[in-house]
There are 2 protein chains.
Amino acid sequence: MPRTRVDTRAEIRAVAAELFTRQGFEKTSLREVAERLGITKAALYYHFPSKADLMRGIVQPLVDEIEELLADREAADGADPRQFLADYFDVILRYRQVFELMIRDVAALAQLDLLHQMLAWRDRIYRMLVGPDASPAQIARATVAIGGLQDCALTEAAVDEFRDAALDAAYAALGR
Amino acid sequence: MPRTRVDTRAEIRAVAAELFTRQGFEKTSLREVAERLGITKAALYYHFPSKADLMRGIVQPLVDEIEELLADREAADGADPRQFLADYFDVILRYRQVFELMIRDVAALAQLDLLHQMLAWRDRIYRMLVGPDASPAQIARATVAIGGLQDCALTEAAVDEFRDAALDAAYAALGR
DNA sequence: GTCTATACGTTGATAGAC
DNA sequence: GTCTATCAACGTATAGAC
């Protein structure tokens, strides 16, 4: 007896995302995901060809948005670093849960050939913040700014005061 | 025929640490660790009662040092924030590989009942950097500083210029 | 689109010999 | 300390009915 579902794939992603975040990707079995939804393991395989594909389905929207943001700013050169920090921060805040999953389970991401892309992001971001020929010191400052913001995105306290102060701190770290 | 080993437990830890870091805790099997050492899986169990205990053995030295640093600074109140940032940074730099393992595989850490302790660290560090009654804005600044330094510790470029700039950036993020 | 049933490899872990 | 042999549990995945 099939259940009434508006969008089964979306529901699977939602449940899986929550379990993956709480217990980790590897420690969550497909049987567990299926039981939560009241379907069987085999039904999952109808919607997603593998566990990795399920993970990819969860993460892809965030990946696409970041890729879009980067391409956008690279096209318009002479971008404002302060504005970029704000935009980047807002993207990962909007995808807070998914972003937490990615950060908390980097090992799982590596299996999706996504790690390479993420490392490339870092270099592109550095280039935008401190230029293409940055010194180690400038790289360090950019790393503190971006890494600091990412850590802030993982905390719950998303009040405006918190967001603005985080951006101020990140910009201050750049030392401009 | 037993191999000549100075310290078998230490060698197991070293090999496991490298594999865990590269492939993730869950994706690394004990068989794989054993094969690298030229022994069998069963031999591993003589030295470590479980896979989780092996992980704990790898991580424990860093955990102990951070715990020690925090206790030390809490005893001497009125500690210098700048000095604390430097000391904390130096500890995680010294344990760079292990620290990377912990950060890259937070999901595995949760199984060791270590996540709780790490979250407690965060609060204790915030208290030292911005006081016990900090505003959300001050928490945000402390988060950028610490999160930024941790990200810096994960990169390879450990030249002095990089280290000093990272500390400057973290201190600037505090906004004092 | 979802189910039952099933297959197969791998894993963490144990027992007991040497 | 290390081995061989073995285990149950779990993972992914497929075939075929409805």
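In this text the structure is predicted, and so the values were computed from the model without any measurement. Residue numbering restarts at 1 for every chain, and letters A, B, ... go by the order of the sequence lines.
Across the protein-nucleic acid pair, B:Leu37 atom CG and D:dT2 atom P stand 10 Å apart, rounded to whole Å. Look at NE2 on A:His47: it is 12 Å from C1' on C:dC3, rounded to the nearest Å. Computed from coordinates, the B:Gln111 CD to C:dT11 C1' distance equals 14 Å when rounded to whole Å. When the P atom of C:dG12 is taken as reference, atom CD of B:Glu35 falls 12 Å away, rounded to whole Å. The interatomic distance linking A:Phe48 (CZ) with C:dT2 (P) rounds to 12 Å, in whole Å. Atom CD in A:Glu32 sits roughly 8 Å away from atom P in D:dG11 (whole-Å rounding). In this structure, B:Lys27 places its NZ atom 9 Å from P of C:dT11, rounding to the nearest Å.
Contact annotation for A:Ser29: backbone-only contact, meaning every heavy-atom pair under 4.0 Å involves sugar-phosphate atoms and none involves a base. Nucleic acid contact for A:Thr28: none, since no nucleic acid atom lies under 4.0 Å from a heavy atom of the residue.
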Side-chain donor/acceptor pairs under 3.5 Å, residues 44-55 of chain A, sequence neighbours excluded:
from    : atom 1 : to      : atom 2 : distance (Å)
A:Ser50 : OG     : A:Ala52 : N      : 3.4
A:Ser50 : OG     : A:Asp53 : N      : 3.2
A:Ser50 : OG     : A:Asp53 : OD2    : 2.9
A:Lys51 : NZ     : A:Phe25 : O      : 2.8
A:Lys51 : NZ     : A:Thr28 : O      : 2.7

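For the pair B:Tyr46 and D:dG1, the criterion of a side-chain N or O lying under 4.0 Å from OP1 or OP2 is met. OP1 or OP2 of C:dC3 lies within a sub-4.0 Å distance of a side-chain N or O belonging to A:Thr40. Remark: B:Arg31 is in phosphate contact with C:dT11, judged by side-chain N or O atoms under 4.0 Å from OP1 or OP2.
Of the residues in residues 14-26 of chain B, none lies under 4.0 Å from DNA chain D by heavy-atom distance.
Taking the side-chain contact (heavy atoms from CB on, under 4.5 Å) definition, one finds that B:Leu93 meets it with B:Phe89, B:Asp90, B:Ala153, B:Arg163, sequence neighbours left out. Under the side-chain contact (heavy atoms from CB on, under 4.5 Å) criterion, A:Glu100 pairs with A:Thr21, A:Arg96, A:Arg104, A:Leu154, sequence neighbours left out.
In this structure, A:Leu70 is a member of the same hydrophobic cluster as A:Val130, with clusters built from ILVMFWY side-chain heavy atoms closer than 4.5 Å.
Between B:Asp168 and B:Arg82 a salt bridge is recorded (basic side-chain N to carboxylate O distance below 4.0 Å). One finds no salt bridge joining B:Glu32 and B:Arg36 here, because no Lys/Arg side-chain nitrogen approaches an Asp/Glu carboxylate oxygen to under 4.0 Å. By the 4.0 Å N-to-carboxylate-O rule, B:Arg124 lies close enough to B:Glu67 to be salt-bridged with it.
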Polar pairs (N or O, both sides) under 3.5 Å between protein and nucleotides 13-18 of chain D?
from   : atom 1 : to      : atom 2 : distance (Å)
D:dA13 : OP2    : A:Tyr45 : OH     : 3.4

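Nearest to the side-chain atoms of B:Ala43 among the listed nucleotides D:dC3, C:dC3, C:dT11 stands D:dC3.
Within the structure, no pair that satisfies the ring-ring contact (aromatic ring centres under 6.0 Å, His included) test touches residues 121-170 of chain A, not counting sequence neighbours.
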> Should B:Val144 and B:Leu174 be marked as a side-chain contact (heavy atoms from CB on, under 4.5 Å) after you check the CA-CA gap, both sets of side-chain angles, and the distance that decides it?
Replying inline: CA-CA 8 Å; B:Val144 172; B:Leu174 280 183; over 6 Å; no
